[in-house]
Amino acid sequence: MSRSDERYNVRETEAKWQKIWEERKSFLAREDATRPKYYVLEMFPYPSGRIHMGHVRNYTLGDVVARYKRAKGFNVLHPMGWDAFGLPAENAAIQNNVPPAQWTRENIAAMRTQLKSMGLSYDWNREVATCEPDYYRHEQKMFLDFLKAGLVYRKESWVNWDPEEHTVLANEQVIDGRGWRSGALVEKRLLSQWFLKITAYAEDLLQGLKTLDRWPERVLLMQENWIGRSEGLRLVFPLDGQDDSLEIYTTRPDTLHGAAFLAIAANHPLAAKLASDNAELAAFIAECNRMGTSEAALETAEKKGFNTGLYALNPLVDGQKLPVYVANFVLMDYGTGAIFGCPAHDQRDLDFARKYDLPVKVVVAPQGVDPASIVIGTEAYSEDGVLVNSGALNGLGVSEAKARVIAMMEERGIGQRSVNYRLRDWGVSRQRYWGCPIPIIHCDSCGVVPVPEDQLPVTLPEDVSFDKPGNPLDHHPTWKHAACPCCGAPARRETDTFDTFFESSWYFARYAAPQETGRGFTKTAADYWLPVDQYIGGIEHAVLHLLYSRFFTRALKTCGYLDVAEPFAGLLTQGMICHETYKSADGKWLFPSDVEKAADGSLLETGSGKPVTLGRSEKMSKSKKNVVDPAWIIETYGADTARLFMLSDSPPERDLDWTEAGIDGAFRYVNRLWRMVVAPQMPLPPIGSPAPAAFAAAVEKLRRQTHKTIALVGEDLERFHFNKAVARLRELTNGLADLKSDDDGAAWALREGLEALVVLVNPMLPHLAEELWTELGHTELLVNTPWPVADAALLTEDSVTVAVQVNGKLRGTLDLPKDAPQDQAQAAALALPAVASVLNGKPPRKVIVVPNRIVNVVA
RNA sequence: GCCCGCUUGAUGGAAUGGUAGACAUAACGGACUUAAAAUCCGUGCGCUUCGGCGGUGCGAGUUCGAGUCUCGCAGCGGGCACCA
């Protein structure tokens, strides 16, 4: 049997190279001052038990970068670990009666095996699991350090309360105002909770965005909007006939003449005071508190208010009395929890005014428009303009008027310029079991007492029961009871645990020194490896995870842990994996594996043969069953094929459609490449044979293509244009396959081209590339082989094809010497018959010559 | 509701403001084969009087020249602080 009849044995080959890389410790990272470091990190997964296609895409992207940078001579750190705390483990415990710790550890083991089958170049010695005490003990210490640094405080905060299950619900567990399991109407409850002062760094977090020049623009914008810096005025309104007054915050002090009402949040202290002897108001406040805690719920709810009967006096308009409402769209957490409403120039205020029949007075008009002609219907005018109907402010621009009013109020001592942020402090308390215990003890006589550092870690007990509703830590027989570190009297442990964003806010630093026991990491290791040079993950983390990590980095710096300004220097946000959806005749979702194509192209349910309805391609999700199991793909086609498919066609930041045909196409390419090297069309000269003195024209052309591909694929990888890199490699593959002549030069150029192809394809198809590298006669591992350098002499062309247009329309092309003089290009273009016939003997009005690109004749 | 993104052949996509559709996928035709698979070769936006004309979601604008820049509109998708 000739080699061309053999088939590529994917499974054996991939397993072989994975074993060799592991034995030779190819991917271990060590600190090394002699080489530039490169830290590439993919967002670590929640250990759900099986990898999904999103993981495959994420880790393939990271691995291509890691392998490429290694070949470019960088000292690469490429670690992996587990974001192991979280709700699903508790849900599994309740549903399947498995302890969360066991469930999580089994999932980690299963997923680790799956990830290893992908051939990812991780330093597995640095693996971390956040649910293990040797990880979370360090964040307990960080919390205590933050506490000492004044970055932690306790305050009352609202949560979603399920009255039937006696548990706090996550926003995602509240569906249409009801608990997802119990179906009970969710209430808001006040609980005493721990907060981290992220707002202390608000300005720095905002300014820091300017330094992140390798982040996607839209993520920077989302962070900027999240921080939400605004400049405005805090202003005190006296209450008519009361000793009391009300302080409001506004970004539109210029519209004070158009004020129609004041509104306070349902949780405003004044509302609470008034409600104490007003049952109707108390009921209204209770209704507000039944709304979800999410911003979307607040914003989309119908604007409602309760007239308190109080009036406030407009400080700018003598004698004007404004009714004071309690309103459901005013947030206690933002500004002062009180606003003045100017219906003509704010949409929410207008909606409110229309509902309660309040006056709408125009005080800003577009430049040059008669204010009398402006009629406000259902849309407020919030654009820039000139002040009208505003006494002394008339004629001023909006920004001048703002400054004038602020100055006036500051002068009168009833207001002050104020910078406000939408950003709120980070509530880190969670009333859940499967999380890192908050290292605090509550003592009846000493109050809230931090656990002394020498008593860390506070270990999460694993012998817990989910039989009773509520937090298992609360009804654990012994865990809660501890002696007060101050007075020694019997006291209670804090049963809340940390938000799981806590763990993911510093894991990137832990990877720098994962074996360190004294602290989370050593300063030397962190300062060597950080910042992460390239971070890769889903866009869904664009705001919270990234912002919390940026905050942690600052807080850790404040506490002397490290000395970097930002955790992630570069960021790549990948798109989602989508797949067609299928529904059975009775309207149930079907897995793609349960659907087959009939001979006539129609879709049928496997087994029953019933017809299947095809739905649009959507994000892969368990609920719609449009998922494909990566494990099955890797078993059937191999890791290289799965990796190639992830990189082909779609740019990484865009959504990717998973198709059967696409994976087949990738598989065909893997086999084609294998055949080309194993059974080339002509015998290859030995490694290192001297190049012939001259090459035939066709061979010379191929060599140019080879070297151009080397140069361009490098550029593509630097810019993460993986799909373009794949396209170029396919072009080179086609070029090599087309080489027909069989003189010495051709054979030499074929070896040169094949070797280049194998080395260039290595970051994407590492197993196949190693195999083919050996096949080509090399003994050194490809993982240790440097990236090739293109021969500059072969990159320049001596002639170029130039497009010729008349009035912007293509009329022909010209082959011109490279960098030909402009007048030569112009003369050649005008001489073209197609150009001459359009000009019809008349001289052109103008000729634009872009050297080596285009000649445009303006007739 | 607010914020953000996307829209190019049958499909995924390519195109420093300069020849729209590279490279793939599906389809179709051919070669090889007893046959199929695999493989290889070819066709491949629409209209056309074969000279061309029209085409990058829709409508305007800037420019010698617009898929690319500007404004407006539509459709689809994502995020919104206790999912991670």
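Everything quoted here is computed from the prediction, not taken from an experiment. Per chain, numbering begins at 1; letters A, B, ... match sequence-line order.
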Could you give the distance separating [M] and [N] at their [atom1] atoms, to the nearest angstrom?
N	M	atom1	value
B:rC69	B:rA15	P	13 Å
B:rG67	B:rG54	P	13 Å
B:rC53	B:rG61	C1'	24 Å
B:rA84	B:rG79	P	15 Å
B:rU25	B:rA74	P	39 Å

Counting only side-chain nitrogens and oxygens, does [X] get under 4.0 Å of the OP1 or OP2 atom of [N]?
X	N	value
A:R424	B:rA81	no
A:R668	B:rU25	yes
A:N723	B:rA24	no
A:T813	B:rU19	no

Here's a test for you: under side-chain hydrogen bond (donor to acceptor under 3.5 Å, both in side chains), which of A:R354, A:K355, A:Q347 qualifies with A:D351?
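Of the listed options, the one satisfying the test is A:Q347.
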
Could you tell me the separation between the CE atom of A:M646 and the P atom of B:rG12, rounded to a whole number of Å?
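Rounding to the nearest Å, CE of A:M646 and P of B:rG12 are 17 Å apart.
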
Whole Å only: how far is the NZ atom of A:K624 from the P atom of B:rG77?
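That distance rounds to 9 Å.
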
Report each atom pair, protein N/O against N/O of nucleotides 70-76 of chain B, whose distance is under 3.5 angstrom.
from: B:rC76; atom 1: O3'; to: A:R616; atom 2: NH1; distance (Å): 3.0

Pick base, sugar-phosphate or nothing for [X], based on heavy-atom distances below 4.0 Å to the nucleic acid.
X	answer
A:P88	nothing
A:S650	sugar-phosphate
A:S504	nothing
A:Y669	nothing
A:Q431	base
A:H541	base
A:N734	sugar-phosphate
A:L547	nothing
A:R432	base
A:R430	base
A:E217	nothing

Every protein N/O within reach of nucleotides 50-54 of chain B N/O, cut-off under 3.5 Å:
from: B:rG54; atom 1: OP2; to: A:K809; atom 2: NZ; distance (Å): 3.2

For RNA chain B, list all stems, counting runs of three or more consecutive pairs where every pair is Watson-Crick or G-U wobble with both distances under 3.5 Å.
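Stems (3+ consecutive pairs) listed as B:1-7 with B:74-80, B:10-12 with B:23-25, B:27-31 with B:39-43, B:45-47 with B:52-54, B:57-61 with B:69-73.
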
Can you confirm whether A:E217 is buried at CD, in the sense that more than 12 heavy atoms of other residues, nucleotides or ligands lie under 6.0 Å from that atom?
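Incorrect, the count does not exceed 12.
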
Mark yes or no for a side-chain to base donor-acceptor pair under 3.5 Å between A:Q223 and B:rC3, with no hydrogen or angle criteria applied.
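No, the side chain and the base share no sub-3.5 Å donor-acceptor pair.
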
Has the side chain of A:D649 got a donor or acceptor atom sitting under 3.5 Å from an opposite partner on the base of B:rG13?
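Side chain to base: no pair present.
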
Parallel under 30°, tilted from 30 to 60°, perpendicular over 60°: which one fits the rings of A:H545 and A:Y507?
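Correct class here is tilted.
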
Can you check nucleotides 61-65 of chain B for protein contacts, nitrogen or oxygen pairs under 3.5 Å, and list what you find?
from: B:rC64; atom 1: O2'; to: A:N856; atom 2: ND2; distance (Å): 3.3
from: B:rC64; atom 1: O2; to: A:N856; atom 2: ND2; distance (Å): 2.5

Show me the donor-acceptor pairs within less than 3.5 Å that the side chains of residues 189-198 of chain A make with the rest of the protein, sequence neighbours left out.
from: A:Q193; atom 1: OE1; to: A:Q431; atom 2: NE2; distance (Å): 3.3
from: A:W194; atom 1: NE1; to: A:E494; atom 2: OE1; distance (Å): 2.9
from: A:K197; atom 1: NZ; to: A:G150; atom 2: O; distance (Å): 3.3

Could you check B:rG51 for me: syn (within 90° of 0) or anti?
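Base orientation: syn.
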
Syn/anti state for B:rG9 [syn: chi within 90° of 0]:
syn

As a test of reading the structure: which of B:rC82, B:rU25, B:rU19 is closest to the side chain of A:Q193, going by heavy atoms?
B:rC82

May I ask you to check whether A:F502 and A:F85 place their ring centers less than 6.0 Å from one another?
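No.
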
Between the protein and nucleotides 30-33 of chain B, which nitrogen or oxygen pairs are less than 3.5 angstrom apart?
none

